[in-house]
Amino acid sequence: MEFRVAALADTHDLSHAVNGWEQIYRQITPGRFECTLFQANGPDFQFFREVTNRRVVQAGVSPDGLWSLAVPLNAPMQGTFQGQLVDGYAIMSLGEHEEFRLYTPESMHYVGVSLPTGTMEELVGLTVGDDAVRQLRHNVLPIAGERGADLRARLAFFLDAAERNPAGFADPTGTVRFQDEVVSLLLGLLDCAAGGTRDLTHSTYSDIVRRCERLVQEHADRPLTVLDLCTHLRCSRRTLQTSFQRVANVTPVEYLRSIRLNAVRQLLRSTNAGELLIGDAAAHWGFTHLSYFAREYRDLFGELPSQTQRKS
């Protein structure tokens, strides 16, 4: 996956800077134009984060074969998208090769993701619901409520951290984690916009956690992402998050990581150094980046893997 960060001072340059998009930006309020553009592009994933400081008109055609979602992040938007008023926060949706026109506010900070149309429809259908797939064609889906604000804040925090540490994307695990986190947070925002509500029993939440544990055991060689779990279990990110909070009072990521770390520790405690190297034990449970693994192991157990007592 390719990651790029660019600072641009002209709308003409910005028009050609976003990979995969046929579009033109026109500045319509006076003053020096400034833009920061952060992009991540893979074979079936396109992401951009765009911050501009002047009112612009953005027009063009969305990428072939991809469905695109975008959302303003740090400030409510007052603008027009596809002829519809956007007043506040909203998911903006475009089908493949769809003509579009966006009139932005004076200051605009938003993110967008494009996935293959079939993948997008499948993920939305599985994690949000079939009604949400139909609603995607409405172009503008308002987001309201505290949960939407929390998801936007988490997305902004995650992207800030990713932009400060581009070296983290050198590891394939890091690129998978980036793609999963961005997509699943956007799906969570879409769930808010679609108005989905599910009131499940505690036994159902417990069953979801139990099934997640089983999936982790069955896929020991690679860490499952939150999006993987939602797809396997046909549930939304919100349902998954609520299940782990209600049952174990931790996030899904924290809980499932602890399962894998405990499994590595059990391997180390039940073998000696001659039988099994630390790196091999970690790799068996999907930890391919040893320094990252050692840090997480120490955070959980209070000691490095090399300090764990082995079988004599």
Side-chain angles (χ1 to χ4, degrees), residues 1-64 66 68-81 86 88-94 100-115 149 151-183 185-186 189:
M1 188 178 293
E2 179 188 7
F3 293 85
R4 292 192 303 167
V5 179
L8 304 167
D10 191 280
T11 54
H12 177 78
D13 295 334
L14 179 58
S15 298
H16 301 284
V18 185
N19 289 342
W21 288 78
E22 299 176 28
Q23 58 186 343
I24 295 174
Y25 287 75
R26 295 185 178 92
Q27 180 177 340
I28 57 175
T29 52
R32 177 179 171 80
F33 177 80
E34 295 178 352
C35 172
T36 302
L37 180 65
F38 172 34
Q39 295 186 84
N41 294 283
D44 294 316
F45 174 76
Q46 292 185 4
F47 164 85
F48 67 87
R49 178 188 192 180
E50 187 177 303
V51 183
T52 55
N53 70 332
R54 292 288 175 260
R55 193 179 297 273
V56 301
V57 179
Q58 181 181 348
V61 179
S62 60
D64 280 332
L66 302 178
S68 305
L69 300 178
V71 63
L73 270 190
N74 289 353
M77 174 182 167
Q78 290 186 318
T80 301
F81 179 64
V86 181
Y89 294 99
I91 293 281
M92 294 175 284
S93 174
L94 282 175
F100 69 91
R101 185 172 291 267
L102 170 64
Y103 297 83
T104 77
E106 184 75 3
S107 179
M108 180 74 166
H109 179 188
Y110 73 117
V111 298
V113 165
S114 301
L115 298 175
L151 287 170
R152 288 195 314 274
R154 288 170 56 192
L155 180 56
F157 179 81
F158 176 76
L159 294 175
D160 286 342
E163 201 168 333
R164 286 194 301 267
N165 183 33
F169 298 119
D171 177 17
T173 302
T175 62
V176 171
R177 184 175 298 142
F178 176 85
Q179 178 172 334
D180 172 72
E181 187 70 8
V182 170
V183 171
L185 284 170
L186 271 178
L189 287 168

Fill in: Nearest-0.5 Å distance that lies between atom OG in S107 and atom CZ in R55
10.5 Å
Worksheet, complete the sentence: d(F157 CZ, L185 CG) to nearest 0.5 Å is 12.5 Å
Practice prompt. May I ask you to test the E2-N19 pair for a side-chain heavy-atom distance under 4.5 Å?
Written response: yes
Practice prompt. Determine yes or no for a side-chain-to-main-chain donor-acceptor pair under 3.5 angstrom, with Q39 supplying the side chain and A17 the backbone.
Written response: yes
Practice prompt. Check whether any side-chain heavy atom of F47 lies under 4.5 Å from a side-chain heavy atom of N41, and answer yes or no.
Written response: no
Fill in: Point-to-point distance, once rounded to the nearest 0.5 Å, from CG of L151 to CG of L189
5.0 Å
Item to complete: List the steps, then state whether side chain to side chain contact (heavy atoms under 4.5 Å, CB included) holds for F81 with T104.
Response: CA-CA 8 Å; F81 179 64; T104 77; over 6 Å; no
Fill in: Minimum-distance pair of heavy atoms, taken over all atoms of P72 and G88
CG-O, 4.1 Å
Worksheet, complete the sentence: Sorted by chain and number, sequence neighbours left out, ring pair (Phe, Tyr, Trp, His ring centres under 6.0 Å) with Y110 holds for F48
Worksheet entry | Neighbour count >12 (heavy atoms, 6.0 Å) for atom CD, E34 | yes
Item to complete: Calculate, to the nearest 0.5 Å, the distance between atoms CZ and CD1 belonging to R101 and I24 respectively.
Response: 9.0 Å
Worksheet item: From L37 CG over to L14 CG, what is the distance, rounded to the nearest 0.5 angstrom?
Response: 6.5 Å
Worksheet item: Taking the side chain as C-beta and beyond, is there a heavy-atom pair between S93 and S68 under 4.5 Å?
Response: no
Worksheet item: For R26, does the CZ atom sit with more than 12 other heavy atoms under 6.0 Å from it, leaving out its own atoms?
Response: no
Worksheet item: Would you call L186 and V71 a side-chain contact if the rule is heavy atoms closer than 4.5 Å?
Response: yes
Worksheet item: Can you check whether V183's main-chain N or O pairs, donor with acceptor, with E181's side chain at less than 3.5 Å?
Response: no
Fill in: Side-chain touch T36/E50, heavy atoms, less than 4.5 angstrom
no
Discussion item. Using side-chain heavy atoms (C-beta onward) and a distance below 4.5 Å, is M92 in contact with L69?
Written reply: no
Worksheet item: Looking at side-chain heavy atoms only, is the closest gap between Q23 and V18 below 4.5 Å?
Response: yes
Fill in: Partner set under ring pair (Phe, Tyr, Trp, His ring centres under 6.0 Å) for F158, not counting sequence neighbours
F178
Fill in: Ring-face cation contact, Y89 with R152, 6.0 Å cut, 45° max
yes
Discussion item. Donor-acceptor pair, distance only, cut-off 3.5 Å: does the side chain of R49 make one with the backbone of G112?
Written reply: no
Practice prompt. Any chance you could measure L115, atom CG, to Q46, atom CD, to the nearest 0.5 Å?
Written response: 9.5 Å
Discussion item. Do L73 and V111 make a side-chain contact, defined as non-hydrogen atoms from C-beta onward lying under 4.5 Å apart?
Written reply: yes
Response to the item:
Between Q58 and the options Y25, W21, Y103, the side-chain hydrogen bond (donor to acceptor under 3.5 Å, both in side chains) test singles out Y25
Residues 5-12, side-chain donor-acceptor partners within the protein, below 3.5 Å, at least two apart:
unit_1, atom_1, unit_2, atom_2, d
D10, OD1, H12, N, 2.7

Discussion item. If you compare all heavy atoms of M77 against all heavy atoms of P105, which two are closest, and at what distance to 0.1 Å?
Written reply: CG-CD, 3.9 Å
Worksheet item: Any donor and acceptor pair, going by atom type alone, linking the side chain of D64 with main-chain N or O of G20 inside 3.5 Å?
Response: no
